[in-house]
Amino acid sequence: MISIQFKQLNGTPFQKLVWAELLKIKRGETVTYKELAKRIGKPKAIRAVANAVGANPLPVKIPCHRVVRSDGTIGGYSGRGGVKTKKMLLKQEGVIF
DNA sequence: CACATGACCTAAC
DNA sequence: TGTTAGGCCATGT
């Protein structure tokens, strides 16, 4: 079933918050899910944050590819193979693993 | 309302 | 070093 619809763009306040923080990220800068969770005021809600980022309906407008795991690993990106795209993007931004 | 899922984290074996 | 288990929060079914 198709889940993403423009109406859902408003989604929940949490998602908005997460996306807002994501938009705050500047080019060449990366943040961990932990940091992101901390920024929104819920360092324990990291799971919810990850879900919110994964529910990001505007992957082009939102730099979700700048979000990595605490270990420095890529984590994931739009599905499965999207990870390599994320890697490429991060490399392009000047991020070193 | 209760159950199941997930782009997670930390600790333990 | 790699895998397993438990915990945490919000979302979707």
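Chain letters run A, B, ... following the sequence lines, proteins first, then strands; residues in each count from 1.
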Rounding to an integer number of Å, can you tell me how far [X] [atom1] sits from [N] [atom2]?
{"X": "A:His65", "N": "B:dA7", "atom1": "NE2", "atom2": "P", "answer": "19 Å"}
{"X": "A:Lys44", "N": "B:dG6", "atom1": "NZ", "atom2": "C1'", "answer": "19 Å"}
{"X": "A:Asn51", "N": "B:dC8", "atom1": "CG", "atom2": "C1'", "answer": "9 Å"}
{"X": "A:Ile46", "N": "C:dC8", "atom1": "CD1", "atom2": "P", "answer": "14 Å"}
{"X": "A:Arg39", "N": "B:dC8", "atom1": "CZ", "atom2": "P", "answer": "19 Å"}
{"X": "A:Trp19", "N": "B:dA7", "atom1": "CH2", "atom2": "C1'", "answer": "14 Å"}
{"X": "A:Leu58", "N": "B:dA7", "atom1": "CG", "atom2": "C1'", "answer": "17 Å"}
{"X": "A:Lys38", "N": "C:dC8", "atom1": "NZ", "atom2": "P", "answer": "18 Å"}

Just by distance, do the side chain of A:Lys86 and the backbone of A:Val68 share a donor-acceptor pair under 3.5 Å?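 Not confirmed, A:Lys86 side chain does not pair with A:Val68 backbone.
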
Verify the contact: side-chain N or O of A:Thr12 to OP1 or OP2 of C:dA10, cut-off strictly under 4.0 Å; return yes or no.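 Result: no.
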
Using a 4.0 Å heavy-atom cut-off across all strands, classify [X] as base, sugar-phosphate, or nothing.
{"X": "A:Ala45", "value": "sugar-phosphate"}
{"X": "A:Arg47", "value": "base"}
{"X": "A:Tyr33", "value": "base"}

Between A:Cys64 and A:Asn56, what is the shortest heavy-atom contact and its length?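 The answer is SG-ND2, 3.6 Å.
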
Locate the shortest heavy-atom distance separating A:Tyr77 from A:Val83; write the atom from each residue and the value.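 The answer is CB-N, 4.0 Å.
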
Nearest-nucleotide wise, let me know which of A:Ser70 and A:Ala48 is further upstream toward the 5' end of DNA chain B.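 Per heavy-atom nearest nucleotide, the more 5' residue is A:Ala48.
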
Thinking salt bridges, do A:Glu21 and A:Lys24 make one under a 4.0 Å N-O criterion?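 A salt bridge is present here (some side-chain N lies under 4.0 Å from a carboxylate O).
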
